[in-house]
Amino acid sequence: MERITIRSAHLTVVISSVGAEIQSVLDKEGRERMWQGDENVWSGRAPILFPVAGGLRDDYYLWQGKRYSMPKHGFVRRREWQVESVKENEAIFLMTDKHEGFPFEYALRAIFRAEGDTLEVTYSVDNLQQEPFYFSIGAHEAYLLPGGIEKYAVHFDEEERLDRYVIEGNSILPVPVCMAESTKVLPLRYSDYTVDALVFKHLKSKGVEIRGGDGRCVRVEAPGHPVTMFWTKPNMQAPYLCIEPWCNAPDLTDAPYEIDKKFGFIRLEAGEKAKRSHFITFT
C-alpha cells in the first residue's frame, strides 16, 4: 500500500493505493475535512464504487444471455491500484483487475487534481476489448462534521421536490416518498437514516452544500450523475455525512435482471472511453 499526497495552495490531500481512496483532506487552515474511519462505526472514508454503485437485485445481472454475479458496491474498493503518475497537485491511479462478475478488458483510472479550494475527482473508463460492456460508477466520500450532523444542513442550488426512494435490503421501492414539496434546505436529522441512505434522482441543482454553525462548507458538484445520495450511521451518532453522486441507482425491488434495462448503466462500445467528474470545494 502506498499513500500519495497532492497539494494546492489551500488543500493537502492524501490518497491510498488501496481502493484509490481519499484518506485525508486538510484545508487552508489545517483542519481535517474527511471522516477518518473507525472500525466501531464505519471503517470507510471515500470508497470508489465500480462497476456498480449500491446493490443489484439478487446480486447478479444478465448480459448477452450470461449471468454475472456482483457484490454490493462492486469490487475495486478494497483492491490495490497501480499508481500511474504523481505531480504536485495531481495523482492518477489505474485499475485493470477482473472479477467473475466483470471479466472484461478495461482500464479504470481515478484522477485526483487539487486546485485552490477544490478537489476534482475524475473516473475514466476505457473499453479495451472488441465487444461492448455495461458499467456504472459512484463516489462515497464521507465529510467530517464535528459535533454531529444535526448541527448542519444540506443546501441545494435550486428549489427541489425531495422525493426519497426508500431502501429495502439492497434495493429501493418503486414509489418514492415526498420529504418536501419545495425546498432549498434539508435539515440533517439522524432519524432520517434509520432505514439507510436518502436516495434522490434527477435533482435540478448544479451543486449541493453542507453548511453549519461553525462556518464550514463543503460543496459537491457532480454533472453527469443522475443519482444523489446522503448517508451516515444514525445509531452511532456518527459525525460525518456522505454525499454520494452515482450514475446508477440501487435496483428497484422488481428491477429487470438484464443490465441493459437497468437505470443509469453506461454502455461502452469497443475502443470507447467514458468519463465522469465531480468537484468538491472546502471552505
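These numbers come from the heavy atoms of this one structure, side chains and all, not from hydrogens, waters or symmetry mates.
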Please round to the nearest 0.5 Å and tell me the distance separating atom [atom1] of [X] and atom [atom2] of [Y].
X	Y	atom1	atom2	value
Asn127	Glu269	CG	CD	8.0 Å
Met229	Arg164	CE	CZ	9.5 Å
Leu26	Arg7	CG	CZ	9.0 Å
Ile137	Ile48	CD1	CD1	6.5 Å
Glu158	Thr183	CD	OG1	13.0 Å
Cys217	Arg33	SG	CZ	8.0 Å

Is there a donor in the side chain of [X] and an acceptor in the side chain of [Y], or the other way round, less than 3.5 Å apart?
X	Y	value
Ser182	Glu160	no
Glu21	Ser16	no
Glu32	Ser24	yes
Asp214	Tyr152	yes
His278	Glu141	yes

I'd like to know if the side chain of [X] and the backbone of [Y] have a donor-acceptor N/O pair within less than 3.5 Å.
X	Y	value
Asp251	Ala255	no
Tyr190	Ile149	yes
Glu120	Phe112	no
Asp117	Thr281	no
Ser8	His10	yes

Same cluster or not: are [X] and [Y] linked, directly or through other Ile, Leu, Val, Met, Phe, Trp or Tyr residues, by side-chain heavy atoms under 4.5 angstrom apart?
X	Y	result
Ile167	Tyr193	no
Phe102	Val52	yes
Phe93	Leu108	yes
Val86	Ile92	no
Leu49	Ile22	no

Count the heavy atoms belonging to other residues, nucleotides or ligands that lie under 6.0 Å from NZ of Lys66, then report whether that count exceeds 12.
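No, the 6.0 Å shell around NZ holds no more than 12 heavy atoms from other groups.
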
Hey, is CZ on Arg31 packed in by over 12 heavy atoms from elsewhere, all under 6.0 Å?
yes

Taking the six-membered ring where the residue is Trp, are the ring centres of Tyr68 and Phe104 under 6.0 Å apart?
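Yes, they do, as the ring centres are separated by less than 6.0 Å.
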
Step through it carefully: locate the ring centre of Phe279, locate the ring centre of His225, and say whether they are under 6.0 Å apart.
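No, ring centres 6.0 Å or more apart.
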
[X] with [Y]: basic N within carboxylate O range, under 4.0 Å:
X	Y	answer
Lys184	Glu159	no
Lys262	Asp260	no
Lys275	Asp126	no

Evaluate the salt bridge (Lys or Arg N to Asp or Glu O under 4.0 Å) criterion for residues Arg189 and Glu150: first the C-alpha distance (whole Å), next the side-chain angles of each, then the deciding distance (0.1 Å), finally the verdict.
CA-CA 5 Å; Arg189 299 183 293 258; Glu150 295 188 349; over 6 Å; no

Could you go step by step and tell me if Met70 and His99 meet the side chain to side chain contact (heavy atoms under 4.5 Å, CB included) rule?
CA-CA 9 Å; Met70 182 57 59; His99 181 275; 4.0 Å; yes

What do the steps show when you test Glu80 against Ser17 for side-chain hydrogen bond (donor to acceptor under 3.5 Å, both in side chains), and what is the final call?
CA-CA 6 Å; Glu80 182 78 18; Ser17 60; 2.5 Å; yes

Quick check: closest heavy atoms across [X] and [Y], and the distance to 0.1 Å?
X	Y	result
Gly116	Leu11	O-CG, 3.5 Å
Asp163	Phe200	O-CD2, 3.3 Å
Pro245	Ala222	CB-CB, 3.4 Å
Ser69	Glu100	CB-OE2, 4.1 Å
Leu252	Leu173	CD2-O, 4.0 Å
Pro51	Gly74	CD-CA, 4.1 Å

Checking ring pair (Phe, Tyr, Trp, His ring centres under 6.0 Å) against Phe50, which of Tyr123, Tyr106, Tyr134, Phe265 comes through?
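Exactly one option meets the ring pair (Phe, Tyr, Trp, His ring centres under 6.0 Å) with Phe50, and it is Tyr106.
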
What residues form a salt bridge (charged side-chain N to carboxylate O under 4.0 Å, His left out) with Arg3, not counting sequence neighbours?
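For Arg3, no residue satisfies salt bridge (charged side-chain N to carboxylate O under 4.0 Å, His left out) once neighbours in sequence are set aside.
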
Stepwise side chain to side chain contact (heavy atoms under 4.5 Å, CB included) test for Ile6 and Val14:
CA-CA 7 Å; Ile6 61 174; Val14 180; over 6 Å; no

Tell me, with the steps shown, if Val218 and Leu241 meet side chain to side chain contact (heavy atoms under 4.5 Å, CB included).
CA-CA 11 Å; Val218 178; Leu241 183 76; over 6 Å; no

Output the rest of the hydrophobic cluster of Leu144: all Ile, Leu, Val, Met, Phe, Trp and Tyr residues reachable through side-chain heavy-atom contacts under 4.5 Å, sorted by chain and number.
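Hydrophobic cluster check, Leu144: joined to Trp35, Val41, Trp42, Trp231, Met236, Tyr240.
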
Are any non-hydrogen side-chain atoms of Asp192 and Leu198 less than 4.5 angstrom apart?
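In contact.
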
Is the shortest heavy-atom distance from the side chain of Arg45 to the side chain of His140 under 4.5 Å?
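Not touching, per the 4.5 Å side-chain cut-off.
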
Decide ring-ring contact (aromatic ring centres under 6.0 Å, His included) for Tyr257 and Tyr60; before the verdict, give the C-alpha distance in whole Å, the side-chain angles of both, and the deciding distance to 0.1 Å.
CA-CA 7 Å; Tyr257 290 108; Tyr60 77 89; 4.6 Å; yes

Any chance you could lay out the salt bridge (Lys or Arg N to Asp or Glu O under 4.0 Å) test for Asp157 and Arg219, step after step, and finish with the verdict?
CA-CA 10 Å; Asp157 288 354; Arg219 177 176 176 83; 2.8 Å; yes

Stepwise, does the side chain to side chain contact (heavy atoms under 4.5 Å, CB included) test hold for Thr253 with Ile172?
CA-CA 6 Å; Thr253 51; Ile172 55 175; over 6 Å; no

